[in-house]
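Every number for a ligand or one of its atoms is a count from 1 in the order of the listing. Predicted model only: the values in this text are computed from it and were never measured.
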Amino acid sequence: MMIPRRRNKVIVIGGGIHGCATAYFLAKRGQIVSIIERDHIARHASGVNAGGVRSLGRDLAEIPLSLASMDIWNNLHDEIGSYAKAFHPSFYLKVAIDEEGYAFGSARAEELERAGYNHEIWLESSDVQSRLPKLTTPTYGGFLVEGDGWAIPWQIVRGFAQGARQHGAEIIEQCNVFSLELKQNCWRLKTEKGFFEADYIVNCAGAWAAELAFQSGEPRMPLAAYAPMLAVTERKPPILPAVIGVLGHTLSLKQIDTGQFVIGGGVRAAANLGENSGEVVLPELVKSMRLVAKLFSDIAYAQIIRCWSGIEGYMPDNLPIIGHGKQPGLIHGFGFSAHGFQLGPAVGKALADLVMDQQPRIPLDAFRPDRF
Ligand SMILES: Cc1cc2nc3c(=O)[nH]c(=O)nc-3n(C[C@H](O)[C@H](O)[C@H](O)COP(=O)(O)OP(=O)(O)OC[C@H]3O[C@@H](n4cnc5c(N)ncnc54)[C@H](O)[C@@H]3O)c2cc1C
């Protein structure tokens with residue numbers, strides 16, 4: 001006789017990509033799930049990011065997670081149905097435009113080979129040029145990953161939220177979690193909509209997560225908040241089939257289906273967690289724009305129509321926190337350090353595994369909450 005699996009009551013704090021993907025995989029597997037979100041689904045980093053779906057250039061420790069996530073991205077329709085149309089796979093090219101970039105690329109190639117990874121392929125400069133005929137700067141070559149691409153971020157997050165809802169999850173928006181406390185094996189949350197109880201809490205509260213964890217009795221984790229910035233141009237005829245990065249420089253560039261160029265890559269400003277706001281420092285963003293103009297003269301005169309930033313949590317080693325907290329039933333998933341959107345689907349699956357006491361497919365040791 002099959003013994004039915006226990007149905008845990010789980011509260012996921014935070015309606016970003018990680019919270020929504022976690023809730024989706026938990027609800028799909030029969031758990032009783034609520035997402036509690038202070039603002040609304042995809043309001044913060046997960047909804048306003050550059051949408052880069054990039055396995056290229058990951059820290060070695062993150063590659064297995066990133067590749068596992070790519071497997072989900074490539075079959076996203078199976079999970080979130082028509083919302084998956086918001087993902088546009090193409091290829092990612094990170095080029096070397098100076099000797100420092102080339103040296104960095106050579107060291108990276110050796111590191112990848114030693115570690116046994118072959119998803120990043122080094123292209124010679126002539127191959128880079130034939131892949132990017134409109135490129136106006138000579139290169140020393142670059143790394144290519146086929147199948148990386150970009151997505152409209154808020155649509156993907158909504159897709160996971162909707163999927164979670166269809167599997168029975170409850171989504172409670174505009175509900176700030178003030179505090180959480182463990183009492184007799186039961187988590188009790190004080191929120192602006194009253195008290196909630198759960199067997200498990202998954203802390204996906206983004207840049208706010210470490211403070212919430214500390215308040216609940218966890219050791220202090222060194223999460224810092226910043227506001228990575230983006231700019232978008234007017235529409236232009238299509239010239240750029242790939243997402244572009246530059247080795248040794250903080251830049252990401254893509255042309256989305258509207259013809260607009262999105263310019264970002266990690267240049268960041270100050271964030272104010274209390275006020276839910278991030279600054280935009282134009283002189284910093286202008287450096288990225290200048291680099292874009294050098295790479296593609298066709299983009300040099302495209303009007304910038306909007307700049308913005310989003311609030312993101314950074315860890316000192318730029319690796320996320322994914323794993324069990326010190327207290328039973330508390331699980332953390334935060335600190336994605338400006339590259340967590342692509343990881344979201346696999347992180348959601350791994351966090352759901354942890355709640356259900358199953359061994360995640362991907363080793364999570366490098367992301368242990370107690371590593372600091
Ligand atoms: C401008 C920008 C560009 C980026 N570009 C990329 C990119 O191209 N590719 C990539 O992979 N990554 C990118 N990132 C990083 C990526 O967006 C983040 O790593 C990821 O979205 C983090 O998701 P999250 O669910 O952990 O956090 P969030 O999206 O921040 O979600 C956390 C949620 O928790 C809620 N919350 C917090 N405290 C409470 C509380 N007390 N009670 C209730 N709710 C609470 C918040 O309101 C928030 O909605 C970028 C980030 C930014 C800001």
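Judged as a side-chain contact (heavy atoms from CB on, under 4.5 Å), and not counting sequence neighbours, the contacts of His249 are Ile97, Asp98, Val246, Leu291.
When non-hydrogen atoms are compared, ligand 1 lies under 4.0 Å from neither the backbone nor the side chain of Cys20. Of all the heavy atoms of Ile36, the ones lying under 4.0 Å from any atom of ligand 1 belong exclusively to the backbone. Of all the heavy atoms of Ala338, the ones lying under 4.0 Å from any atom of ligand 1 belong exclusively to the backbone.
When Leu273, Val177, Thr22 are checked for heavy-atom proximity to atom 42 (N) of ligand 1, Val177 turns out nearest. Considering each of Arg38, Arg43, Glu312, the one bringing a non-hydrogen atom nearest atom 18 (C) of ligand 1 is Glu312. Ranked by closest heavy atom to atom 27 (O) of ligand 1, the top entry among Gly51, Gly206, Gly266, Ser55 is Gly206. Remark: among candidates Glu192, Glu37, Arg58, His339, the nearest residue to atom 47 (O) of ligand 1 is Glu37, based on non-hydrogen atoms. Nearest-heavy-atom check against atom 21 (O) of ligand 1 across Gly344, Gly16, Gly335, Ser46 picks out Ser46.
Close contacts of ligand 1 with Cys204, meaning ligand atoms under 4.0 Å from a residue heavy atom, involve 32 (C), 33 (C), 34 (O). Applying the 4.0 Å criterion to heavy atoms of Asn176 picks out, from ligand 1, the atoms 40 (C), 41 (N), 42 (N).
The aromatic ring centroids of Phe341 and Trp73 lie less than 6.0 Å from each other.
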